[in-house]
Amino acid sequence: MTTLRVLKFGGSSVGASERLVRVTDLILREQAIGPVAVVVSAMGDTTDWLIEAAHAAERGDQRVAEAVVERVGQLALDVGLTALRELLRRPGRDEHAPAPELPTQVSELLVPLRQVLAGVGLLRQCSAQTLDLVLSFGERLSAGILAALLRVRGQAAVAVDAREWMVTDDRFGDALVDEQATRTRLAVLAATWGPAIAVHTGFLGATPDGRTTTLGRNGSDYTATLLAGALAASEVQIWTDVPGVMTGDPTILRDAYPIARMSYQEALELANFGARLFHPRTMVPLIEGRIVLRIRSTMDPEAEGTRIDEHGAPTAGPTCVTSLENLALLDIR
Ligand code: ASP
Ligand code: MG
């Protein structure tokens, strides 16, 4: 039996139409090998923009807040519609299958976003809890659009709002996951997806009583590894715009190249010592479930990228060099 693999696509992979089309290619390619689940981030800089909108509303500047909401919706629509047009031009597509109503899909999601921001404007206050709710719209937009595009390609797909299963505490902005409750919810939900590919919102969770939380900036990787752990997946693939974990910082080291294999321990060390890889807690579900993590590049999908597992590289030797800048070492006795 082939086990599930979880594919995660970050904001830059879904924030431009050619990339988004390629993401659908990659998902179908991987799905042909064995079952997959997908996790997506918000498109491009959407999360930053939503923060901007919330702050503008809090200042009482509804005009700016509205302009930013427009920008968020416009990006989603531009990227989604351009990708859709490209897919509709492809040969072999079922002429009679209805094209998705992306404009309706996007504008319907912006209604509650505008309501929340209007509330922020009235109260002139945006708590961490409210901000998490505002931010949730980014991932909800991208997951809905990607699932719709997969269906255009004849692939059954459902957008899954991770707030339905990711149970967290109420530390808004950086919530702690209740793994047991999360697993229980997922087990029930997963049974309802059938053969459809589930496209999950990264980054989002909810308290047991249903208030929206987020897992911290760049939290979608963590969503992917938690999902993989809970569904006993064999592998997580993080698709990004770099060719893998590099031997050094490519902006400093001109001849840096991607590392083929490394161990969980090495990856954790790197995360601790400055490599902007991923948050150390992202690794926990992988280590517990002995799940392979692969970092792969959307720009070069044939490349193997970096494989991180319990064994690491077969040969010993230094794996990678990282540096931390602007540091002071305090020696306290
Ligand atoms: N969209 C969120 C962020 O920008 C989560 C993520 O990208 O992983 O932080
Ligand atoms: Mg992001």
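Order of appearance sets the numbers: ligands from 1, and atoms from 1 within every ligand.
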Just say parallel, tilted or perpendicular for the rings of Trp165 and His200, cut-offs at 30° and 60°. perpendicular
Identify, by atom number and element, the atoms of ligand 1 in contact range of Arg217, meaning under 4.0 Å from any of its heavy atoms. 3 (C), 4 (O), 9 (O)
Does only the side chain of Ser220 get under 4.0 Å from ligand 1, or the backbone, or both, or neither? Count heavy atoms. both
What do you reckon, does Gly138 put a non-hydrogen atom under 4.0 Å from ligand 1? no
Gap between atom CG of Asp174 and atom CZ of Arg171 - 0.5 Å precision: 7.5 Å
Examine distances only and state if a side-chain atom of Ser41 and a backbone atom of Ser220 form a donor-acceptor pair shorter than 3.5 Å. no
Can a donor-acceptor pair be found, under 3.5 Å and without considering hydrogens, that links the side chain of Thr201 to the backbone of Ala143? no
Do you reckon Met166 sits in the same ILVMFWY cluster as Trp193, going by side-chain contacts under 4.5 Å, direct or chained? yes
Short N/O distance, under 3.5 Å, between Asp221 and ligand 1? no
Any N or O of Lys8 closer than 3.5 Å to N or O of ligand 1: no
